[in-house]
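By convention in this document, chain letters (A, B, ...) are assigned in the order of the sequence lines, proteins followed by strands, and residues within each chain are numbered from 1.
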Number of protein chains: 2
Amino acid sequence: MKPPRSSKKDVFLRYKLWLSAVSGEGIIEENQYLLLRSIEEKGSLKAAAEVLGTSYRKAWGDIKNAEELLGYELTEKQRGGIDGGKSTLTSKAKKLLEAYDALHKKMDTAIEDAYEDFKESIK
Amino acid sequence: MKPPRSSKKDVFLRYKLWLSAVSGEGIIEENQYLLLRSIEEKGSLKAAAEVLGTSYRKAWGDIKNAEELLGYELTEKQRGGIDGGKSTLTSKAKKLLEAYDALHKKMDTAIEDAYEDFKESIK
DNA sequence: CCGCGATATGTAATAAAACACATATCGCTA
DNA sequence: TAGCGATATGTGTTTTATTACATATCGCGG
């Protein structure tokens with residue numbers, strides 16, 4: 001297998017989408033989205049963090065940060081009790097996830113549409 | 001001036017767009033774009049870095065990295081000579097900037113279009 | 001042929017972000 | 001009421017990214 005005649009390498013377009021507060025800080029991006037979805041599924045922050053392979057400490061901090069910047073709660077927390085505690089999504093969080101989903105789909109479409117033109121124009 | 005009744009803060013959508021190599025590493029994003037534009041204008045990497053308020057060392061490293069990942073030169077470098085040296089854009093770099101511009105405009109439009117829907121759906 | 005100013009590049013110092021670890025609190029259940 | 005498991009949070013440690021500093025090379029012009 002010989003190397004390609006041209007030394008040009010394949011190039012891809014990537015983008016990252018996030019919600020930010022006026023300060024410019026991030027609130028919700030891919031990781032937080034996945035974390036919230038995972039909480040929704042598992043019913044606990046601890047289990048959700050494990051699924052994503054991240055630490056409870058970080059997951060907790062991310063949620064706290066997002067809630068503070070948004071100004072409202074994303075999760076309903078419960079300490080103690082039969083299973084030690086749990087976390088569930090608030091209705092606002094669910095709405096947010098749906099909206100994020102829809103937005104991401106639109107952006108995906110936009111970038112797909114633009115990708116061919118892009119590749120053509122850098123030839 | 002009293003605080004708003006609601007504790008909700010304004011939220012904005014932000015995105016970052018970049019070219020990446022297969023490895024997933026970034027090549028060109030906003031900073032590199034601005035750096036290249038600045039080189040185009042100033043005719044030197046040193047002057048361009050100063051304009052952007054960054055160090056020559058970092059600017060040089062960024063360009064080098066991008067060129068290695070792309071597999072072709074973005075700048076024509078000249079050491080020594082009447083003015084000590086200079087850097088100018090290759091035609092490929094110019095094409096890349098144009099393509100990046102066009103892409104960014106399309107994405108801006110897409111996100112603008114989606115923004116109102118987004119805000120509405122998280123109410 | 002020396003000095004100027006820009007490119008070229010290694011390495012040390014610093015700052016910022018992530019992660020690891022420790023500890024406290026809560027409410028059910030045995 | 002002691003213990004279990006999850007939430008809650010401070011703090012030290014490590015990793016990573018950025019900046020700073022130092023030095024070399026190049027080619028023209030005086």
Side-chain angles (χ1 to χ4, degrees), chain A residues 16 18 20-21 23-32 34-36 38-70 72-90 93, chain B residues 14 16 18 20-21 23-32 34-36 38-69 72-90 93:
Chain A
K16 187 176 148 182
W18 72 98
S20 86
S23 64
E25 288 172 276
I27 296 184
I28 304 286
E29 46 89 37
E30 201 67 23
N31 287 336
Q32 279 83 344
L34 291 172
L35 181 59
L36 287 169
S38 195
I39 290 171
E40 185 174 39
E41 193 195 338
K42 295 290 180 180
S44 107
L45 179 54
K46 185 166 192 288
E50 269 163 25
V51 168
L52 300 193
T54 184
S55 70
Y56 174 84
R57 185 65 181 79
K58 172 156 171 49
W60 177 85
D62 284 353
I63 296 291
K64 172 119 196 248
N65 179 247
E67 290 178 335
E68 266 167 20
L69 290 174
L70 283 171
Y72 55 86
E73 303 287 297
L74 292 169
T75 61
E76 206 89 43
K77 297 97 171 169
Q78 219 170 94
R79 287 208 292 193
I82 174 131
D83 44 13
K86 57 180 182 164
S87 292
T88 54
L89 298 191
T90 61
Chain B
R14 298 242 181 283
K16 186 176 148 182
W18 71 97
S20 88
S23 65
E25 286 173 277
I27 297 183
I28 303 286
E29 45 90 35
E30 202 65 25
N31 287 336
Q32 278 83 342
L34 291 173
L35 182 58
L36 288 169
S38 196
I39 290 172
E40 185 174 40
E41 193 195 337
K42 293 292 178 180
S44 107
L45 179 55
K46 185 164 192 287
E50 268 163 26
V51 168
L52 299 192
T54 183
S55 69
Y56 174 84
R57 185 64 181 79
K58 174 157 170 46
W60 177 83
D62 284 352
I63 296 290
K64 172 119 195 247
N65 179 248
E67 289 178 335
E68 266 167 20
L69 291 174
Y72 57 84
E73 302 287 298
L74 292 170
T75 60
E76 206 88 44
K77 296 98 169 168
Q78 216 170 94
R79 289 209 290 193
I82 174 130
D83 44 12
K86 57 180 184 165
S87 291
T88 54
L89 298 191
T90 62

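A close approach under 4.0 Å does occur between a side-chain nitrogen or oxygen of A:S87 and OP1 or OP2 of D:dT7.
Protein atom CG of A:L45 is 13 Å distant from nucleotide atom C1' of D:dG5, rounded to whole Å. Straight-line distance from the CG atom of B:L52 to the C1' atom of D:dT19: 16 Å, rounded to whole Å. If you measure from atom CD of A:Q78 to atom C1' of D:dA8, you get 15 Å, rounded to the nearest angstrom. Going from atom CG of B:N31 over to atom P of D:dA17 covers 15 Å, rounded to whole Å. Straight-line distance from the NZ atom of B:K77 to the C1' atom of C:dA8: 10 Å, rounded to whole Å. Straight-line distance from the CD atom of B:E76 to the P atom of C:dA8: 11 Å, rounded to whole Å. The separation between A:K86 atom NZ and D:dA6 atom C1' is 12 Å, rounded to whole Å.
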Spell out protein contact along nucleotides 20-30 of chain C as letters: B when the base is contacted, S when just the sugar-phosphate is, - when no protein heavy atom is under 4.0 Å; keep the 5' to 3' order. BB---BBBSS-

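Within residues 58-66 of chain B, the residues having any heavy atom closer than 4.0 Å to DNA chain D are, in order of number, B:K58.
Within a 6.0 Å sphere centred on NZ of A:K42, other residues, nucleotides and ligands contribute 12 heavy atoms or fewer. Residue A:E30 places its CD atom among more than 12 non-hydrogen atoms of other residues, nucleotides or ligands, all under 6.0 Å distant.
Counting all heavy atoms, side chain and backbone alike, A:A49 lies closest to A:L35 at N-CD1, 4.4 Å. Of all non-hydrogen atoms in B:E73 and B:T90, the two that sit nearest each other are O-OG1, 3.0 Å. For the pair B:E29 and B:W18, the tightest heavy-atom approach, listed with the atom from each and the gap, is CB-CB, 3.6 Å.
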Could you pull out all donor-acceptor pairs under 3.5 Å where a side-chain atom in residues 51-60 of chain B meets a protein atom, sequence neighbours excluded?
from, atom 1, to, atom 2, distance (Å)
B:S55, OG, B:K58, N, 3.1
B:K58, NZ, B:D62, OD1, 3.4
B:K58, NZ, B:D62, OD2, 3.1

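Residues A:K46 and A:S44 bring no donor and acceptor atom of their side chains to less than 3.5 Å of each other.
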Candidate pair A:T75 and A:L89, rule side-chain contact (heavy atoms from CB on, under 4.5 Å), full reasoning: CA-CA 4 Å; A:T75 61; A:L89 298 191; 4.1 Å; yes

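Among the candidates A:T88, A:L74, A:I63, A:L34, the single residue satisfying the side chain to side chain contact (heavy atoms under 4.5 Å, CB included) test with A:I39 is A:I63.
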